[in-house]
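Below: the structure, in structure tokens.
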Amino acid sequence: MYTGIGASAGIGIGSVVVVKEPSLAYNNVAISDVAAEKARFNEALEKCIAKTQAMAEDMKTRVGEKEAEILEGHVLLLMDPEMSSQIESNIENEKMCAEAAVEQTCDLFAQMFSSLEDEMFQQRATDVCDIKTRLLKILLDVEDVDLASVPEGTVLVAEDLTPSMTAGINPANVAGVLTEIGGKTSHSAILARALEIPAVLSIEGIVSKVENGQKVVLDGTSGHVFLSPDEATLAEYTEKREKYLEEKAALAAFIGKESSTADGRVVELCANIGKPEDALKVVECDGEGVGLFRTEFLFMDRPQVPTEDEQFEAYKKVAETLEGKPVIIRTLDIGGDKEIPYLGLGKEENPFLGFRAIRLCLQREDLYRPQLRALLRASAFGDIKIMVPMVTCVDEFRAVKTMLKEIMAELDEKSIPYNKDIKVGIMVETPAASLMADVFAKEADFFSIGTNDLTQYTMAVDRGNPDVAYLYSTYNPAVLRSIERVIKAGKEGGAMVGMCGEAAADPLLTPLLLSFGLDEFSVSATSILATRKTISLWTMEEANAVAEKAMSMATEAEIQEYLKSVAK
């Protein structure tokens, strides 16, 4: 058995097809006709843009707009004048052939993106490498690998499965995907999940361990892979696959249903999104609103700050797509680990403890006021709520509310409509906010608990450091006590309390969150129906009994084992 990263759920059983890219070797000699070489590059660029646009349109039709955006992002990179001008400059000034100019420039951009700590920019490095490969293939007249015509029951095995390769897959024929690199948030993983193909990534040396036609079993949840499985293993996973497909089909019964416990306690079940287009997926998956819209993605992957009008259109689009359902929009959470080059923010020793989120925004009103104004204007088109991240002091929250009042007065003067009763709340993700939750509940209309950072800060652990990763767990009693305290304080103070961290979708934690009194669960759109089903399995009496026992335990291991033993 081999183990990798389970990146797309499901059981895959099939025969191996090894995907090997053809050689892209070229003769790197100095060129004499600069104009002809530039023309050759530009012709290849136009072909690549056209092919990528066609793939994006096909993906939009077969899978969805959200997934097509990955390839549309490739088109934008190909059309980036900075990249193309750098390639032309290499041809003209260094007398490079087009292939060498493309390779050097793309490698430079990929290295630049990889050096940034933000996960989104690191993924962009992979996209640039994909673009480089496609441009070189066109220049060298090398055919793309054809994954559309692989036989039914194929398990694709590759060093990496790029977005352009994944886009060509016929899911009816592909039973699974195995790769040597990639993770849960890579674009290939996102596309595999969208195509509902089980995938296990980052299996060291898997390409050299398999042969074409070899039987393989993979579990896209656990990350386990069996090569040439024996009859017992094959029978076991065939049964698991049938059970998984039955459970998946059973979730359809929860479409249109109320999100409530078995004895009728109703909660709100919303989704987390990163872009306006993601709101469509929330509607498709029967979400009851948006519990977290991460607005920093509007500011990333572009050369300058989005204007107030650009932001207004984005927020308005989400509000209109949700048709009156609540939309909680988090104000700008950048700085520290989320670097945006054009803002010129300095490097920090401890970025998670540094100049970020509300701390930065209150000092950069040139960024913050236009965002707040855009949010207020968009509130006339739906139930928008404003959430302030990384709050540690009441003073910070009061400063935001003062700024909002000033902007409201400006809008009133110009007779610009907005929701005068707009709700304003905080993201509870620091121990300070947790300890002061009773005070914040008198000031804020709602809380949303961000368990990812709350766990990190409560346990004083860098979640990216493998040596201390064992401490990063929401099951830790200190973290659970913090969550319980926040919910209790919010309820007593009259503030709605939601949760937008990963824990909201964890079925083991569902009885605890119900017992604590959580009002709103905000999860990924694809987790909505599964979370609704889990909530429906519990009565409040059962949840309270589980919470009482779990909260009497002293260690993370004890709590987790107990919650596994009572899971439904």
Side-chain angles (χ1 to χ4, degrees), residues 246-272 282-292 322-328 383 385 423 425 428 437 441 445-449 451 474-475 480-481 483-552 559 562-568:
E246 285 171 6
E247 289 176 350
K248 187 178 173 186
L251 289 180
F254 288 88
I255 296 173
K257 293 285 183 69
E258 198 171 47
S259 300
S260 63
T261 60
D263 53 353
R265 185 189 164 222
V266 178
V267 296
E268 198 166 58
L269 188 50
C270 298
N272 305 326
V282 180
V283 175
E284 289 169 11
C285 294
D286 201 35
E288 295 162 18
V290 170
L292 169 64
L322 269 293
E323 297 182 334
K325 293 176 181 176
V327 176
I328 295 177
D383 185 14
K385 302 177 184 182
K423 303 296 183 187
V428 180
D445 294 310
F446 64 89
F447 294 162
S448 188
I449 303 171
T451 52
T474 309
Y475 301 113
L480 291 175
R481 287 186 183 199
I483 291 170
E484 184 180 30
R485 174 191 176 88
V486 170
I487 296 172
K488 182 181 178 182
K491 304 285 279 186
E492 289 178 352
M496 186 279 285
V497 185
M499 178 178 287
C500 57
E502 294 292 327
D506 186 339
L508 297 186
L509 290 172
T510 299
L512 297 191
L513 299 178
L514 288 169
S515 178
F516 295 165
L518 191 70
D519 298 305
E520 176 227 59
F521 292 67
S522 192
V523 301
S524 66
T526 52
S527 298
I528 288 170
L529 294 181
T531 304
R532 184 173 291 153
K533 178 186 176 183
T534 303
I535 290 168
S536 76
L537 299 175
W538 291 93
T539 65
M540 287 306 298
E541 183 179 357
E542 291 169 335
N544 290 336
V546 169
E548 184 178 359
K549 186 164 183 179
M551 296 305 286
S552 70
I559 292 173
Y562 169 63
L563 293 178
K564 284 180 180 177
S565 73
V566 297
K568 296 192 177 189

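Nearest heavy-atom pair, Gly291 versus Asn272, reported as atom, atom and distance to 0.1 Å: C-OD1, 4.3 Å. The two atoms that bring Ala505 and Val523 nearest to each other are CB-CG1, 3.5 Å, heavy atoms only. The two atoms that bring Val282 and Ala271 nearest to each other are CG2-CB, 3.7 Å, heavy atoms only. Residues Ala567 and Leu508 share a closest heavy-atom pair of CB-CD2, 3.6 Å.
Within the structure, side chain to side chain donor-acceptor pair (under 3.5 Å) pairs that include any residue of residues 260-270 comprise Thr261-Asp263 (at least two apart or interchain). For residues 489-509, the set of pairs meeting the side chain to side chain donor-acceptor pair (under 3.5 Å) definition, not counting sequence neighbours, comprises Tyr475-Asp506, Lys491-Asp519. Under the salt bridge (charged side-chain N to carboxylate O under 4.0 Å, His left out) criterion, the residue pairs touching residues 522-545 are Asp286-Arg532, Glu288-Arg532, Glu542-Lys568, with sequence neighbours excluded.
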Take Leu509 and Leu480 through the test side-chain contact (heavy atoms from CB on, under 4.5 Å) and record every step on the way to the result. CA-CA 10 Å; Leu509 290 172; Leu480 291 175; 4.0 Å; yes
Test side-chain contact (heavy atoms from CB on, under 4.5 Å) on Val428 and Val497; report intermediate values, then the result. CA-CA 10 Å; Val428 180; Val497 185; over 6 Å; no
Just do the side-chain contact (heavy atoms from CB on, under 4.5 Å) check on Leu563 and Leu512 with the steps written out, would you? CA-CA 9 Å; Leu563 293 178; Leu512 297 191; 4.0 Å; yes
Could you walk me through whether Asp383 and Val327 pass the side-chain contact (heavy atoms from CB on, under 4.5 Å) check? CA-CA 6 Å; Asp383 185 14; Val327 176; over 6 Å; no
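With sequence neighbours excluded, the residues forming a side-chain contact (heavy atoms from CB on, under 4.5 Å) with Ala543 are Pro511, Leu514, Ser515, listed by chain and number. Looking at residues two or more places apart in sequence or on another chain, you find a side-chain contact (heavy atoms from CB on, under 4.5 Å) between Glu284 and Leu280, Lys281. Listed by chain and number, the residues in a side-chain contact (heavy atoms from CB on, under 4.5 Å) with Lys325 are Leu322 (sequence neighbours excluded).
Residue Glu520 is tested with Ile328, Leu269, Val267 for a side chain to side chain contact (heavy atoms under 4.5 Å, CB included); the sole match is Ile328.
For the atom pair Phe516 CZ and Arg481 CZ, the distance stands at 10.5 Å (nearest 0.5 Å). Distance check: Ile449 CD1 to Ser522 OG gives 12.0 Å after rounding to the nearest 0.5 Å. To the nearest 0.5 Å, atom CD1 of residue Ile255 and atom CD1 of residue Ile528 are 10.5 Å apart. To the nearest 0.5 Å, the span separating CE on Met496 from CG on Leu518 amounts to 8.5 Å. Taken to the nearest 0.5 Å, the OH atom of Tyr562 stands 5.0 Å off from the NZ atom of Lys549. Atom NZ of Lys385 sits about 10.5 Å away from atom OG of Ser448, to the nearest 0.5 Å.
Counting only heavy atoms from C-beta outward, the side chains of Met499 and Ile483 approach each other to under 4.5 Å. Two residues are said to be in side-chain contact when any heavy atoms from C-beta on lie closer than 4.5 Å; Leu537 and Thr510 fail this criterion.
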